Every structure is written in C-alpha cells, then in structure tokens.
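Okay, so here's the structure we're looking at.
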Amino acid sequence: MASIKYKVSIENPLKHQFRIQISFVPNTDKLMHISLPNWIPGSYMIRDFAKHVLELKAHDASGELAIETISKNRFAIRHNQQEVTVTYLYYAFDMSVRKAYLDQEFGFINPASALFCIDELKDQKCLVELEKSSNPIITNWQPASGLTGVEHNDSFAWGHYSAKNYLEFTDYPILFGELDIAEFEVANTPHFLVTVGQHFGDLQRAAKDLKPLCQYHIDMFAGLPKGVDKYLFLTMVTDSGFGGLEHLNSTALVCSRFDIVKQEQEIDDNYITFLSLCSHEYLHTWNVKRLKPKEFI
C-alpha cells in the first residue's frame with residue numbers, strides 16, 4: 001500500500017507562510033476528498049483551521065486537476081487514477097500551541113491545524129519530509145519533533161520522518177528555529193527540554209529540576225507508556241505567553257522570556273509556574289492521551 005507523502009517547507013517567514021505539498025495515489029475511480037479538522041484534541045473549541053489555507057491547487061502528470069468545495073474545510077478532487085499532488089500556502093500567525101506560527105525568529109506547526117487529511121486514505125502510513133530552506137534569514141534553524149525518523153534516529157534533523165496514519169501524524173507537533181536543547185534521562189529514556197526564542201535563564205538547570213517531576217509521574221504509573229522511547233518539551237519563548245497542549249511523546253508549550261531562571265537565581269513564582277506547566281502536560285502522556293473515556297474515543 002502506497003504511503004501519503006507530506007512535504008513541509010518554510011516559504012516566507014516575513015509573510016508568515018509555510019508551503020505544504022501532499023502526494024498520494026487514489027484508491028478509487030470516484031472523487032477523492034481532503035479535509036482539515038475544525039477542532040483539536042486538548043482544546044475543544046471550533047477553530048476553523050481551513051481559513052488559513054491559501055492558493056490550494058492539485059495536479060497530476062497530465063496537468064491541473066479540478067477541486068470542488070464541499071464545505072468550509074472539505075474539498076473534492078477529480079483525478080485520473082494516477083498520483084495526485086496537492087499544494088498550498090498556509091498562513092501561520094497564531095502564537096499558540098493550537099495552530100501554526102512563523103516569523104523570522106521561529107516557526108511552529110500543530111499538524112492537525114495545517115496538514116490536510118486524505119479522507120479515503122486516512123489509515124495509510126504518512127511519510128513526512130521537513131525540507132531545509134535556503135532562505136538566509138533562517139540558515140541556522142533546526143526542526144524538532146517527536147516523529148519517527150526514516151533512516152535516522154534524530155529528532156532535530158532536516159529530512160524524512162514517518163507516522164503510522166493521519167491521526168497519529170496530528171499528534172507530533174513540529175518546532176523550527178535556532179534551538180536551545182537540554183537533554184536529560186528518566187527511566188532510561190531520553191528527554192529533551194527544547195526552546196526557541198530568547199530567554200534569560202539556564203536551560204540545564206530547568207532540565208535538572210524537571211527530572212524528578214517526570215520521575216514522579218513515571219513511578220505513579222509504573223513506567224512510561226508503551227512506545228514512548230523519547231519525550232520532548234517543545235517550548236516557544238515569547239514576551240508574556242503561557243500555555244500547553246499534550247501529545248503522544250511531546251508537549252507544545254509557550255512561556256515568557258523570564259520564566260526560566262539563571263543557575264544561581266532564586267526560585268520565583270514564574271519559574272514554579274513554568275515547571276508546573278511542564279508537569280501538567282507530562283501527566284497527560286498517560287491521562288488523556290492513553291487513558292480516556294470510551295465515549296471520548
């Protein structure tokens with residue numbers, strides 16, 4: 001069974017635009033449908049993610065294909081039973097963990113908000129390429145994601161990754177920028193505290209203080225969930241932001257530039273709040289991501 005191929009490119013940081021390309025082989029001679037969710041797990045409000053899609057087009061080897069609008073977030077593609085490529089720009093200017101953001105300082109994508117599902121192929125494997133940009137503004141950027149690397153075991157490399165299906169893919173947010181990374185080990189599993197954006201603290205100290213909090217949760221649940229072979233705290237540092245959203249082996253966070261303290265600095269309320277946010281989202285690795293009511297599933 002052919003995989004669905006996603007390519008995520010940084011088009012223009014100054015215009016807050018990602019370029020997305022999706023290629024797939026139709027499994028029917030009828031119309032194929034693509035859709036974006038209207039809401040996201042962990043943040044239960046209608047978000048209308050599709051309103052940020054620009055210049056939506058589709059083509060195959062024979063040329064451009066017709067796209068019909070079914071609803072505000074769902075489209076039908078007429079095809080010739082050969083590989084279809086969908087391309088579009090995504091306007092990313094929402095400084096939150098729910099959608100996508102891009103400027104000259106860093107970028108972020110929550111896949112559920114920006115990457116179309118191929119409805120008829122939603123259970124197929126997804127291959128994801130994170131394409132390195134030649135834009136001089138972002139020469140030193142790296143990506144960071146909990147996605148599984150293809151032919152590499154690096155969470156911070158440009159190149160190819162994979163997910164078992166679309167639903168799993170939506171649970172791996174992607175951070176871009178000049179990363180500050182502090183690695184620590186808990187339960188023989190690598191954990192990474194990753195930030196983008198300027199902060200004034202010591203990330204190694206924060207990682208050291210996070211370790212016993214993570215260990216507490218692991219002990220309470222008698223081990224990490226099956227399949228969690230790494231964990232990433234993906235953190236966007238802003239002037240005064242705050243928030244978090246849980247995912248399968250990572251969390252997306254927003255914090256203030258002053259929340260992370262220096263090595264010799266006294267612990268203050270802001271730092272305690274940041275650590276508690278990390279702890280809160282880490283707990284969701286079990287409670288909500290794996291343990292949830294049948295009706296909710």
Side-chain angles (χ1 to χ4, degrees), residues 39-45 47 94-101 106-114 142-148 155-156 161 163 167-177 179-187 189-197 199 201 203 206-218 220-221 223-238 241-256 259-260 270-292:
W39 63 277
I40 192 166
S43 182
Y44 309 100
M45 290 177 59
R47 303 288 178 185
D94 185 290
M95 178 57 75
S96 76
V97 296
R98 298 178 296 268
K99 292 187 180 181
Y101 185 85
F106 60 80
F108 173 80
I109 289 183
N110 193 318
S113 73
Q142 291 174 267
S145 177
L147 282 162
T148 299
S155 295
F156 311 103
Y161 295 82
L167 184 60
E168 183 182 272
F169 180 27
T170 64
D171 237 323
Y172 294 108
I174 308 164
L175 193 63
F176 303 90
L179 306 180
D180 191 2
I181 305 170
E183 181 177 356
F184 60 103
E185 189 172 287
V186 192
T189 302
H191 288 57
F192 302 91
L193 176 56
V194 185
T195 66
V196 288
H199 64 82
L203 212 61
K208 181 181 177 181
D209 291 339
L210 264 179
K211 183 171 180 174
L213 295 175
C214 295
Q215 187 67 60
Y216 182 90
H217 294 308
I218 291 170
M220 181 167 61
F221 287 102
L224 280 163
K226 184 179 179 181
V228 177
D229 58 2
K230 59 185 174 183
Y231 191 91
L232 295 88
F233 296 89
L234 302 172
T235 310
M236 293 174 278
V237 182
T238 68
F242 179 82
L245 195 62
E246 66 272 6
H247 293 280
L248 284 174
N249 69 352
S250 66
T251 178
L253 306 168
V254 178
C255 76
S256 162
D259 286 350
I260 302 171
N270 291 337
Y271 185 53
I272 291 174
T273 298
F274 172 70
L275 292 177
S276 72
L277 174 65
C278 293
S279 178
H280 173 103
E281 298 303 337
Y282 194 71
L283 174 66
H284 283 319
T285 309
W286 294 268
N287 183 25
V288 173
K289 294 314 301 180
R290 271 87 179 177
L291 306 173
K292 60 184 73 177

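Quick caveat, the model's predicted, so the values are computed rather than measured. Numbers here simply count residues along the sequence, with the first being 1.
- In this structure, the side chains of F233 and L253 come closer than 4.5 Å at one or more pairs of heavy atoms.
- Between atom CD of residue E185 and atom NZ of residue K211 there is a gap of 7.0 Å, rounded to the nearest 0.5 Å.
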Going through the checks in order, is the side chain to side chain contact (heavy atoms under 4.5 Å, CB included) test met by T251 and H284? CA-CA 9 Å; T251 178; H284 283 319; over 6 Å; no
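- The closest side-chain heavy-atom distance from L175 to F108 is below 4.5 Å.
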Worked check of side chain to side chain contact (heavy atoms under 4.5 Å, CB included) between H217 and S279: CA-CA 8 Å; H217 294 308; S279 178; 2.9 Å; yes
Take C214 and F184, measure what side chain to side chain contact (heavy atoms under 4.5 Å, CB included) needs, and give me the verdict at the end. CA-CA 11 Å; C214 295; F184 60 103; 4.2 Å; yes
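- Closest non-hydrogen pair, V194 versus A144, comes out as CG1-CB, 4.3 Å.
- For the pair T273 and D259, the minimum side-chain heavy-atom distance is 4.5 Å or more.
- Contact of the S256 side chain with the N270 side chain is not registered, since no non-hydrogen atoms from C-beta on lie closer than 4.5 Å.
- In this structure, OG1 on T238 lies 9.0 Å from OH on Y101, to the nearest 0.5 angstrom.
- The nearest pair of heavy atoms linking Y172 to P111 is O-CG, 3.3 Å.
- Using a 4.5 Å heavy-atom cutoff, the side chains of L248 and R290 are in contact.
- Applying the 6.0 Å contact sphere to NZ of K292 captures more than 12 heavy atoms from other residues, nucleotides or ligands.
- A ring-centre distance under 6.0 Å is found for Y282 and H191.
- Once rounded to the nearest 0.5 Å, the distance linking OG1 of T195 with CZ of F106 reads 10.0 Å.
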Pair C278, L213 - check side chain to side chain contact (heavy atoms under 4.5 Å, CB included), show working. CA-CA 9 Å; C278 293; L213 295 175; 6.0 Å; no
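- Judged purely by atom type and a 3.5 angstrom limit, E281 uses its side chain to pair as donor or acceptor with the backbone of E246.
- When all heavy atoms of M236 and S96 are compared, the pair lying nearest together is CE-O, 3.6 Å.
- Surrounding CE of M220 are more than 12 heavy atoms belonging to other residues, nucleotides or ligands, all under 6.0 Å away.
- Atom OH of Y231 sits about 6.0 Å away from atom OG of S250, to the nearest 0.5 Å.
- L234 CG to L193 CG: the interatomic distance, rounded to the nearest 0.5 Å, is 9.5 Å.
- Summarising the geometry, atom CZ belonging to R98 is positioned 14.5 Å from atom CH2 belonging to W39; distances are rounded to the nearest 0.5 Å.
- T235 has its side chain out of reach of H199: every pair of non-hydrogen atoms, C-beta onward, lies at least 4.5 Å apart.
- Closest non-hydrogen pair, L147 versus A163, comes out as CD2-CB, 4.2 Å.
- What you find for A182 and A207 is that their closest heavy atoms are CB-CB, 3.8 Å.
- L179 places a side-chain heavy atom less than 4.5 Å from the side chain of V196.
- Side-chain contact between N110 and K99 is absent, with no heavy-atom pair separated by less than 4.5 Å.
- Of all heavy-atom pairs between S155 and K230, the closest is OG-NZ, 2.8 Å.
- Ring-plane geometry between F274 and Y271 is classed as parallel, the angle between the planes falling under 30 degrees on a 0 to 90 degree scale with a further cut at 60.
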Run the ring-ring contact (aromatic ring centres under 6.0 Å, His included) test on F192 and F156 for me, step by step, so that the C-alpha distance in whole Å, both residues' side-chain angles and the decisive distance to 0.1 Å come before the verdict. CA-CA 11 Å; F192 302 91; F156 311 103; 5.2 Å; yes
